[in-house]
Amino acid sequence: MPQSIPQTVPAHGPDAAARLASMADVTASDAALRRFLHGLPGVDAVGLEGRAAMLGTRSIKTTAKAYAIDLAISMIDLTTLEGADTPGKVRALCAKGVSPDPTDRTTPRVAAICVYPDMVETAKAALAGSGVHVASVATAFPAGRAALPVKLADTADAVAAGADEIDMVIDRGAFLAGRYLSVFEEIKAVKQACAREDGSAAHLKVIFENGELSTYDNIRRASWLAMLAGADFIKTSTGKVTVNATPPGTLLMLEAVRDFHAATGVQVGVKPAGGIRTSKDAIKYLVMVNETLGEEWLTPEWFRFGASSLLNDLLMQRQKLSTGRYSGPDYVTVD
């Protein structure tokens with residue numbers, strides 16, 4: 001880290017804005033931002049994919065595996081984002097998030113329950129006093145095709161209802177058209193809409209939809225763009241397209257977070273979402289985090305899994321380690 005950069009500060013901390021202001025020249029104009037983003041080193045696709053594959057082969061011993069499974073459970077944003085969501089379904093999901101395995105009270109609770117804005121109030125009431133956060137998608141999720149005032153109202157409504165975290169989607173059309181400053185300003189505006197009257201704010205996760213960004217270079221550019229705009233987390237995907245989280249795409253984002261931290265001292269979280277269904281896959285991601293960013297990021301504050309079915313496999317593997325046998329299909333609930 002450069003000597004001029006003081007100690008680490010979280011992206012949601014009071015000092016982060018000052019750190020980002022020191023890079024104001026980068027975002028002073030569309031041309032300046034374009035020069036910066038296109039001046040980032042090009043991604044070596046073969047090297048990136050090779051390293052991601054290599055990290056996925058690391059052997060995890062039994063004791064470490066048990067620890068990793070519990071850690072992964074504690075990092076899950078347990079999610080339901082369906083048109084058929086009901087208050088009853090959300091309350092049931094909240095109960096599962098607080099007590100994933102009612103037969104074993106040592107099982108960690110999840111990090112958050114992620115719902116649509118109209119379900120935030122229901123989730124907030126169901127989770128009261130549990131320590132589990134409420135996350136809400138916003139900004140016309142998942143396509144993001146709405147006018148900015150609509151997106152800001154969507155965000156403000158979720159925050160007013162009690163959301164602790166907001167998962168926004170970037171305007172991929174604007175990004176792919178090269179209108180980087182427009183995307184930057186939109187993220188900043190949504191970040192401001194996360195503020196509460198008491199001076200606190202919901203944490204902002206910025207979703208790229210990597211499967212629609214087409215290239216690794218675009219994922220790197222989107223990562224830096226979102227972090228410069230004040231993202232607390234950068235997130236791979238909505239879970240609503242064919243290509244969601246992938247190890248190479250997530251590794252690239254972790255590397256961007258590492259480089260951004262080295263340049264600014266600002267710590268940003270990462271959330272892969274969509275397609276992570278097994279304990280084996282989750283552990284591979286945890287190894288990737290540890291090898292790229294270190295133990296400091298191996299907490300729910302800085303790394304999350306966006307998932308709906310992952311929790312069930314983690315619970316079944318956890319019981320296998322505890323009892324020596326796999327559970328039957330009725331051991332876990334079907335969400």
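Being a predicted model, the structure only gives us computed values, none of them experimental.
The closest donor-acceptor contact from the side chain of N244 to the backbone of G275 lies at 3.5 Å or more, if one exists at all. E209 places a side-chain N or O within 3.5 Å of a backbone atom of T238 that can act as its donor or acceptor partner. Although no hydrogens or angles enter the test, the distance criterion places no donor-acceptor pair under 3.5 Å between the side chain of R304 and the main chain of G269. Under the 3.5 Å distance criterion, the side-chain polar atoms of K65 are left unmatched by any main-chain donor or acceptor of L321. With hydrogens and angles ignored, the 3.5 Å screen pairs a side-chain donor or acceptor of S237 with a backbone N or O of A245. In terms of modelled atom types and a separation under 3.5 Å, the side chain of T139 and the main chain of V169 share a donor-acceptor contact. Checked by atom type and distance alone, the side chain of S22 pairs as donor or acceptor with a backbone atom of R19 at under 3.5 Å. At distances below 3.5 Å, at least one donor-acceptor pair connects side-chain atoms of T264 with backbone N or O atoms of F260. Judged by distance alone, with hydrogens and angles left aside, the side-chain atoms of T236 form a donor-acceptor pair with the main-chain N or O of A273 at under 3.5 Å.
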Worksheet item: Yes or no on side chain to side chain contact (heavy atoms under 4.5 Å, CB included) for W297 and V257, after CA distance, side-chain angles and deciding distance?
Response: CA-CA 10 Å; W297 265 264; V257 165; 3.8 Å; yes

Stepwise side chain to side chain contact (heavy atoms under 4.5 Å, CB included) test for R318 and T106
CA-CA 11 Å; R318 191 176 191 273; T106 67; 3.2 Å; yes

Could you give me the CA-CA distance, side-chain angles and deciding distance for M75 and Y285, then say whether side chain to side chain contact (heavy atoms under 4.5 Å, CB included) is met? CA-CA 12 Å; M75 291 174 163; Y285 279 92; over 6 Å; no

**OP:** Please lay out, stage by stage, how Q317 and K280 fare under the test side chain to side chain contact (heavy atoms under 4.5 Å, CB included).
**Re:** CA-CA 9 Å; Q317 294 298 328; K280 184 177 181 179; over 6 Å; no

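Of the charged side-chain nitrogens involved, none lies within less than 4.0 Å of a carboxylate oxygen, so that E82 and K89 do not count as a salt-bridged pair.
Pairs passing the salt bridge (Lys or Arg N to Asp or Glu O under 4.0 Å) check and including a residue from residues 136-145, sequence neighbours excluded, read R145-D171. Residue pairs satisfying the salt bridge (Lys or Arg N to Asp or Glu O under 4.0 Å) criterion with at least one member in residues 187-208, sequence neighbours excluded, are listed as follows: D77-K205, E165-K205, D167-K205, K191-D232. Within the structure, salt bridge (Lys or Arg N to Asp or Glu O under 4.0 Å) contacts touching residues 245-261 (residues at least two apart or in different chains) do not occur. Among residues at least two apart or in separate chains, there is no salt bridge (Lys or Arg N to Asp or Glu O under 4.0 Å) pair with a member in residues 24-35.
For the pair P248/L251, no side-chain contact is recorded, criterion being any heavy-atom separation below 4.5 Å from C-beta on. Inter-residue side-chain proximity for L20 and M23 is flagged as unmet; no heavy-atom pair is nearer than 4.5 Å. Within the 4.5 Å cutoff, the side chain of L286 has no heavy atoms near those of the N290 side chain. Side-chain contact between I207 and F141 is present, with at least one heavy-atom pair separated by less than 4.5 Å. Looking only at side-chain heavy atoms (C-beta outward), I170 and I187 come within less than 4.5 Å of each other.
Using modelled atom types, one finds no donor on one side chain facing an acceptor on the other under 3.5 Å when comparing S130 with R109. With hydrogens and angles left out, the side-chain atoms of D313 and T278 include no donor and acceptor closer than 3.5 Å.
Note that NZ of K271 and CZ of F303 are 11.0 Å apart. Values are rounded to the nearest 0.5 Å. Considering CE of M253 and NZ of K235, their distance stands at 10.0 Å, rounded to 0.5 Å. Atom CG in D101 sits 4.5 Å away from atom OG1 in T107 (nearest 0.5 Å). With rounding to the nearest 0.5 angstrom, the OG1 atom of T250 is 8.5 Å from the CD1 atom of I219. Between I234 atom CD1 and M227 atom CE the span is 4.5 Å, to the nearest 0.5 Å. Rounding to the nearest 0.5 Å places OG of S136 at 7.0 Å from CG of D154.
Partners of A24 under the side-chain contact (heavy atoms from CB on, under 4.5 Å) rule, at least two apart in sequence or in another chain, do not exist in this structure. With sequence neighbours excluded, no residue forms a salt bridge (charged side-chain N to carboxylate O under 4.0 Å, His left out) with E296. With sequence neighbours excluded, the residues satisfying side chain to side chain donor-acceptor pair (under 3.5 Å) with E212 are R172. Considering only residues two or more places apart in sequence or on other chains, Y180 meets the ring-ring contact (aromatic ring centres under 6.0 Å, His included) condition with H38, F175. Contacts of F36 classified as ring-ring contact (aromatic ring centres under 6.0 Å, His included), with partners at least two apart in sequence or in another chain: W224. With sequence neighbours left out, Y216 forms a ring-ring contact (aromatic ring centres under 6.0 Å, His included) with no residue at all. With sequence neighbours excluded, the residues that form a ring-ring contact (aromatic ring centres under 6.0 Å, His included) with H203 are H12.
Residues L315 and V98 share a single hydrophobic cluster, defined by chaining ILVMFWY side chains whose heavy atoms lie under 4.5 Å apart. Under a hydrophobic-cluster definition in which Ile, Leu, Val, Met, Phe, Trp and Tyr are linked whenever side-chain heavy atoms come within less than 4.5 Å, directly or via other members, F208 and V137 are assigned to different clusters. Side-chain heavy atoms closer than 4.5 Å link hydrophobic residues (I, L, V, M, F, W, Y) into clusters, and following such links, possibly through other members, connects V289 to L310.
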For residues 111-126, dump all side-chain donor-acceptor pairs below 3.5 Å to protein atoms at least two apart in sequence or in another chain.
from: K124; atom 1: NZ; to: G162; atom 2: O; distance (Å): 3.2
from: K124; atom 1: NZ; to: D164; atom 2: OD1; distance (Å): 2.9
from: K124; atom 1: NZ; to: D164; atom 2: OD2; distance (Å): 3.2

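Shortest non-hydrogen contact noted between L55 and V287 is O-CG1, 3.7 Å. Considering every non-hydrogen atom in both T155 and A138, the closest pair reads OG1-CB, 3.8 Å. Closest approach of R220 and G42 over heavy atoms only: NH1-O, 3.7 Å. Summarising the geometry of A307 relative to I276, their closest heavy-atom pair is CB-O, 4.2 Å, with the distance given to 0.1 Å. Closest of all the heavy-atom pairs between P10 and V266 is C-CG1, 4.4 Å. Looking at every heavy atom in both residues, I69 comes nearest to L314 through CG2-O, 3.6 Å.
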